[in-house]
Number of protein chains: 2
Amino acid sequence: MITTEVNGIPVPTLRRLPSYLQFIRALAATGRDVVSCTHIAEHLRLDATLVRKDLQTTGIVGKPKVGYYIPALIEAIEHLLGWDNVTDAFLVGAGNLGAALMGYDGFREHGLNIVAAFDVDPRKVGRMLHDKQVLHLDRFADLAARMHIHIGIITVPEQHAQEVADLMVLSGIKAIWNFAPADVHVPSGVIVENVRLSASLAVLSTRLAATLRAGQN
Amino acid sequence: MITTEVNGIPVPTLRRLPSYLQFIRALAATGRDVVSCTHIAEHLRLDATLVRKDLQTTGIVGKPKVGYYIPALIEAIEHLLGWDNVTDAFLVGAGNLGAALMGYDGFREHGLNIVAAFDVDPRKVGRMLHDKQVLHLDRFADLAARMHIHIGIITVPEQHAQEVADLMVLSGIKAIWNFAPADVHVPSGVIVENVRLSASLAVLSTRLAATLRAGQN
DNA sequence: TAGATTGTTAATCGATTAACAATC
DNA sequence: TAGATTGTTAATCGATTAACAATC
């Protein structure tokens, strides 16, 4: 029921690749042109064999004793993730969270370009958000179809998340990045990626409780 | 190297518990007082046995043919996650993302209360953010110690994440929830939970590419 | 009672780690 | 050359799923 592989790449691998990419991009910026698994693994506190296996999914081969050629590695990871082409996206919910995502330039380096924000609040519609217009939600379907938008980002309050998701599906959106603290349901064929902050917080809270308890002994 | 269990609870279980909690809280609000694993599993599209095993970690026992008593289940999950007590937290970075987190009331139901925001930008310091003051970062260490704050939330740009983390560690913070798109390093004994949006986006991008490719055939 | 659901043990599956030959 | 690192296969580990008796 849960997809464990995408395109033959295990999901855990897929989730680690951006960390590798970030690190080797930083290395590239310092002028280095080769890197070993050992080096990456140390920085990210992972097992070197795990890194090697992950990198193998990109098809890149390294040189024994030397490592991997950084420019080729960057290109291969970007290509595997589809980040070598920037895809346009629409965002719904022009609140603080929406504004934060609109204002983050780094997404361009992750293949994502948020081209417009939508809202129903008349105080927000018509304003500019980080050089992008805030449009009324009524215009979503028409514009999404005309501009061939495939990615929708949900940053509305919990109670409106499902209706926004429904609108996105009707408008031909193929992938939804959901930041609302509610699971949204969509027909099969449409992808949903839920950003579950509560899952992250659960790990944090429980770890903290465990260390505080240990500290008192 | 990676912790797979916290307090004897596997991390994957820990990450699913908030979803269960959200669902059964919603059921409780409709007046229901029992729920079966089958019912939870269907809603969240998980295997019923998996849900049963996860719920067993809370220590709650169900009744065959009936299910679990909802109020006891809610209490047990909240207790396990430490969400039955609200913990105060400080946030650093009063930008849009910081404002979004400050304004989200739902954290109170997740055991988290952000009591103040800090920044170095003179245009932000002194202002109010969702009824909480924005203070100068210089005051972080002193106030954290005096108020016995254990949780720090980082919502500053990438390039300042590590220095903020260092300050938090020096100030006695025991757990850092890091929203900056950069891994921060801390001494052992301090917990870091990184919210890696790029990991989530990697899964979304790759799935989308796979379905678009499939659609063209 | 009959049947749905729990609790529990065993089987499977997949991800991570260990071992080691090949090689630059 | 010697030693570090790759690529690859095998072993381990842990998480999920299947099977099934107990029970309300």
Side-chain angles (χ1 to χ4, degrees), chain A residues 1-17 19-20 23-24 27 32-70 72-73 76-77 199 202-203 206, chain B residues 1-20 23-24 27 32-70 72-73 76-77 80 199 202-203 206:
Chain A
M1 195 154 286
I2 283 177
T3 322
T4 56
E5 282 197 357
V6 182
N7 261 339
I9 317 287
V11 167
T13 296
L14 226 34
R15 297 183 59 89
R16 283 186 296 264
L17 286 172
S19 297
Y20 302 159
F23 180 56
I24 60 176
L27 286 181
R32 288 199 50 163
D33 64 352
V34 286
V35 66
S36 71
C37 289
T38 325
H39 193 193
I40 297 175
E42 255 167 40
H43 181 80
L44 298 174
R45 284 132 205 241
L46 296 171
D47 186 277
T49 308
L50 181 64
V51 175
R52 199 169 307 126
K53 245 194 127 219
D54 283 344
L55 295 186
Q56 271 169 6
T57 65
T58 66
I60 288 293
V61 295
K63 277 199 182 50
K65 163 132 173 126
V66 180
Y68 299 84
Y69 182 56
I70 288 181
L73 199 50
I77 297 177
V203 178
T206 313
Chain B
M1 194 153 286
I2 283 177
T3 322
T4 56
E5 281 197 357
V6 182
N7 261 340
I9 316 287
V11 168
T13 297
L14 225 36
R15 296 183 60 88
R16 283 187 295 264
L17 285 172
S19 297
Y20 302 159
F23 180 57
I24 59 177
L27 286 182
R32 287 200 50 164
D33 64 353
V34 286
V35 66
S36 71
C37 288
T38 326
H39 193 193
I40 297 175
E42 255 167 41
H43 182 80
L44 298 174
R45 284 135 203 236
L46 297 170
D47 187 278
T49 308
L50 181 63
V51 175
R52 199 170 306 126
K53 246 194 124 217
D54 284 343
L55 295 185
Q56 271 169 5
T57 65
T58 65
I60 288 291
V61 294
K63 276 198 181 53
K65 165 135 171 115
V66 179
Y68 299 84
Y69 182 56
I70 288 181
L73 200 49
I77 297 177
L80 193 154
V203 178
T206 312

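Keep in mind the model is a prediction, meaning the values are calculated, not measured. Throughout, protein chains are lettered first and strands after them, A, B, ... in sequence-line order, and every chain is numbered starting at 1.
- Of the candidate nucleotides D:dT5, C:dT6, C:dT17, C:dT6 has the atom lying nearest to any side-chain atom of B:R52.
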May I have the list of side-chain donor-acceptor pairs in residues 55-69 of chain A shorter than 3.5 Å, sequence neighbours left out?
residue : atom : partner : partner atom : Å
A:T57   : OG1  : A:D54   : O            : 2.5
A:T58   : OG1  : A:L55   : O            : 2.5
A:T58   : OG1  : A:I60   : N            : 3.2

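- Distance CZ/A:R52 to CD1/A:I40: 10.5 Å, rounded to 0.5 Å.
- Nearest to the side chain of A:P10, among C:dG7, D:dT23, C:dA15, sits C:dA15.
- Between B:L14 atom CG and D:dA15 atom P the separation is 12 Å, expressed in whole Å.
- Taking the six-membered ring where the residue is Trp, A:F23 and A:H39 present perpendicular rings, their angle passing 60° and hence far from 30°.
- Between the C1' atom of C:dA4 and the OH atom of B:Y68 lies a distance of 13 Å, rounded to the nearest Å.
- Counting any heavy atom pair closer than 4.0 Å across all strands shown, A:K65 reaches a base atom.
- If you measure from atom CG of B:L50 to atom C1' of C:dC13, you get 14 Å, rounded to the nearest angstrom.
- A straight line from CG of A:D47 to P of C:dA19 spans 11 Å, rounded to a whole angstrom.
- Between A:K63 and A:R16, the residue anchored closer to the 5' end of DNA chain C is A:R16, taking for each the nucleotide with the nearest heavy atom.
- Atom CG of A:L46 and atom P of C:dA15 are 16 Å apart (whole Å).
- For the side-chain contact (heavy atoms from CB on, under 4.5 Å) with B:Y20, the lone residue among B:L44, B:V35, B:T13 that qualifies is B:L44.
- Between the CD atom of B:Q56 and the P atom of D:dT16 there is a distance of 14 Å, given to the nearest Å.
- Side-chain atoms of B:L14 and B:L17, non-hydrogen and from C-beta on, do get closer than 4.5 Å to each other.
- With a 3.5 Å limit on both pairing distances and Watson-Crick or G-U wobble geometry required, the stems of 3 or more pairs in DNA chain D span C:3-24 with D:3-24.
- For B:T4, whose side chain is taken as the heavy atoms from C-beta onward, the closest listed nucleotide among D:dA15, D:dG7, D:dT16 is D:dA15.
- In this entry the distance linking CD1 of B:I40 with C1' of C:dT5 reads 13 Å, nearest Å.
- Here C:dA18 is the nucleotide among C:dA18, C:dT8, C:dT16 with the atom lying nearest to any side-chain atom of A:T49.
- Checking D:dT16, C:dT6, D:dT6 against every side-chain atom of B:K53, the shortest atom distance belongs to D:dT16.
- Computed from coordinates, the A:I60 CD1 to D:dT5 P distance equals 19 Å when rounded to whole Å.
- Here A:S36 lies in heavy-atom contact (under 4.0 Å) with sugar-phosphate atoms only.
- Side-chain N or O atoms of B:D47 include one that pairs as donor or acceptor with a backbone N or O of B:T49 at under 3.5 Å.
- From A:S19, atom OG reaches atom CZ of A:R45 across 13.0 Å, with rounding to the nearest 0.5 Å.
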